[in-house]
Amino acid sequence: MRGFKGGMFGGGFRTGRKFDAADLQLIILALLSEQPRHGYELIKTFEERSGGFYVPSPGVIYPALTYLEETGQAEVEASGTKKLYRITESGQKRVDDNKDLVEATFAKLAAIGEKMARVREVFDGGEDDGRDSPFDRHGAGDVHRARHLLRSALRSKFPWTKAEGARIAAILERAAADIIRGDVKNED
């Protein structure tokens, strides 16, 4: 698949731009085949399906929609100040011809959305709301507090020199390696 370039979610999206232009156009068409949508609705749909991981900017979505309209794969209907986009037969043929890529992309967006939800649960866990949190069993409250302490420490040092930035990066890299290595004995 052209749009997938590895990344933080193990073979998911690359950092920065998540799709190449052709793949983005294809996925927009697939979303339009589900129902007509406004540009903003497309942005929100990408955000929802990826759990907030991918939120394309209007500067990415609207040029893609314009291209799809100009090539006859989508048509637009003025609805007040908004434009409602619909897929055409030509656009539907493109979606049908690339069904496997569309399904794989939607599956990857869903998987990333699930991972993002788990990450949020861990980072949001541990707040003392008077209830017994399942995250407390896993030390998420401790992780949450430590994460806030780290953020505070970084803010207190900013702006830093190049040498200080390198020192901080080395500390964070060692911490990440320790977390991944998992050398802590299970205390449960």
Side-chain angles (χ1 to χ4, degrees), residues 1-125 143-144 147 150-151 154 158 165 169 172-173 176-177 179-180:
M1 287 177 254
R2 296 180 305 264
F4 297 129
K5 303 292 184 192
M8 69 183 276
F9 286 97
F13 292 101
R14 59 189 165 177
T15 54
R17 194 170 179 200
K18 308 299 186 242
F19 291 97
D20 67 19
D23 289 344
L24 178 64
Q25 293 160 10
L26 177 62
I27 300 308
I28 289 172
L29 286 171
L31 292 173
L32 293 177
S33 74
E34 295 174 355
Q35 69 183 54
R37 300 176 196 260
H38 298 94
Y40 178 76
E41 289 175 291
L42 288 165
I43 292 169
K44 296 310 283 178
T45 301
F46 276 105
E47 180 179 19
E48 290 166 7
R49 292 197 182 187
S50 70
F53 178 73
Y54 180 53
V55 185
S57 71
V60 170
I61 290 293
Y62 288 104
L65 286 167
T66 299
Y67 174 81
L68 293 171
E69 180 185 3
E70 289 173 353
T71 59
Q73 296 174 69
E75 57 190 14
V76 65
E77 172 187 319
S79 170
T81 58
K82 296 181 179 181
K83 294 180 177 182
L84 184 65
Y85 293 88
R86 298 179 191 283
I87 194 167
T88 63
E89 282 185 38
S90 170
Q92 187 62 55
K93 180 175 178 352
R94 183 173 172 194
V95 171
D96 293 343
D97 290 347
N98 293 280
K99 184 179 176 186
D100 292 342
L101 178 59
V102 169
E103 289 175 0
T105 302
F106 283 158
K108 183 57 77 173
L109 285 171
I112 289 171
E114 290 171 12
K115 288 180 182 181
M116 290 298 291
R118 286 195 300 272
V119 167
R120 271 193 293 283
E121 287 173 349
V122 168
F123 283 123
D124 291 342
V143 171
H144 185 72
R147 187 176 65 88
L150 173 61
R151 182 185 296 164
L154 289 172
F158 191 82
L172 295 174
E173 287 170 4
I179 291 167
I180 292 168

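The basis for the numbers below is simple: all heavy atoms, side chains too, and nothing from hydrogens, waters or symmetry mates.
- Among all heavy-atom pairs drawn from V55 and G52, the shortest one is CG2-O, 3.9 Å.
- Around the OH atom of Y40, the shell of radius 6.0 Å holds no more than 12 heavy atoms that belong to other residues, nucleotides or ligands.
- Pairing each heavy atom of Y54 with each of P56, the nearest pair is OH-CB, 3.4 Å.
- With a 4.5 Å cut-off on side-chain heavy atoms, L32 and R37 count as touching.
- Summarising the geometry of L65 relative to G39, their closest heavy-atom pair is CD1-CA, 3.9 Å, with the distance given to 0.1 Å.
- Smallest separation of non-hydrogen atoms from P58 and P63: O-CD, 3.6 Å.
- Atom CD1 of I27 sits about 11.5 Å away from atom CG of L42, to the nearest 0.5 Å.
- Between the CD atom of Q35 and the CD1 atom of I87 there is a distance of 12.5 Å, given to the nearest 0.5 Å.
- E69 contributes atom CD, which lies 10.5 Å from atom OG1 of T88 (distance to the nearest 0.5 angstrom).
- Put simply, the side chain of I28 does not reach to within 4.5 Å of the side chain of Y85, judged on heavy atoms.
- When side chains are defined from C-beta on, Q25 counts as touching R94, because their heavy atoms get closer than 4.5 Å.
- The shortest side-chain heavy-atom distance between L172 and L150 falls under the 4.5 Å cut-off.
- Interatomic distance, CD of Q92 versus CZ of R86, reported as 14.0 Å (0.5 Å rounding).
- For the pair L26/T105, no side-chain contact is recorded, criterion being any heavy-atom separation below 4.5 Å from C-beta on.
- K83 contributes atom NZ, which lies 9.5 Å from atom OH of Y62 (distance to the nearest 0.5 angstrom).
- For S33, there are no side chain to side chain donor-acceptor pair (under 3.5 Å) partners at least two apart in sequence or on another chain.
- The side chain to side chain donor-acceptor pair (under 3.5 Å) search around R49 returns E34, not counting sequence neighbours.
- Heavy-atom minimum distance, I43 versus S57: CD1-C, 4.2 Å.
- Put simply, the side chain of F53 does not reach to within 4.5 Å of the side chain of L109, judged on heavy atoms.
- Using a cut-off of 4.0 Å between Lys/Arg side-chain N and Asp/Glu carboxylate O, K44 and E41 are scored as not salt-bridged.
- Going from atom CG of D96 over to atom CD of E89 covers 11.0 Å, rounded to the nearest 0.5 Å.
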